[in-house]
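Remember, it's 1-based here, ligands and their atoms both numbered in the order they're listed. Sequence positions, counted from 1, serve as the residue numbers for this chain.
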Amino acid sequence: MRIVNHPILTFPKQDMVTFTLNGQTIEGVAGEPIAAALHAADVKVLRHSHGRHRPRGLFCAIGNCSSCLMTVDKIPNVRVCIEPLRAGMVVETQEGKGKIV
Ligand code: FES
């Protein structure tokens, strides 16, 4: 689910890396936001709200809200919309865990 051909824009060749989401191996572009890699893999729900457990995905996409908080490499409450993707990252959903910081 990536745009690879465009009539005006060109996209330089980029290094692909793998990471895991809840144990599932996913491929993404090194350095892109984790959330972008997840969207490209058709993962749109990043967490669920406290209380009513409503699905949350990208909202601001600039690190100013709490819609994309996930656990990355055992660190909770990482805003994956602004966290660069690196090879071997372990990304997990964090249903009901941790305080928002
Ligand atoms: S979508 Fe708002 S902080 Fe990531």
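Under a 3.5 Å cut-off, the side chain of Thr20 and the backbone N or O of Gln24 do not form any donor-acceptor pair.
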Side chain to side chain contact (heavy atoms under 4.5 Å, CB included) between Phe11 and Val4, worked out
CA-CA 7 Å; Phe11 304 103; Val4 292; 5.6 Å; no
Would you sort out whether Ile8 and His6 count as a side chain to side chain contact (heavy atoms under 4.5 Å, CB included), showing the intermediate values?
CA-CA 6 Å; Ile8 298 171; His6 191 277; 3.8 Å; yes
Might you work through the side chain to side chain contact (heavy atoms under 4.5 Å, CB included) test for Arg86 and Asp73, ending with a clear yes or no?
CA-CA 11 Å; Arg86 296 181 307 277; Asp73 292 337; 3.9 Å; yes
Test side chain to side chain contact (heavy atoms under 4.5 Å, CB included) on Met70 and Val78 and set out the steps.
CA-CA 5 Å; Met70 302 183 87; Val78 174; 5.7 Å; no
For residues 26-35, please give each side-chain donor-acceptor pair under 3.5 Å, one per line with the distance, not counting sequence neighbours.
{"residue": "Glu32", "atom": "OE1", "partner": "Arg2", "partner atom": "NH1", "Å": "3.0"}
{"residue": "Glu32", "atom": "OE2", "partner": "Arg2", "partner atom": "NH2", "Å": "2.6"}
{"residue": "Glu32", "atom": "OE2", "partner": "Val29", "partner atom": "N", "Å": "2.9"}

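Taking a cut-off of 2.8 Å, the protein N, O or S atoms nearer than that to atom 4 (Fe) of ligand 1 are Cys68 SG, Cys81 SG.
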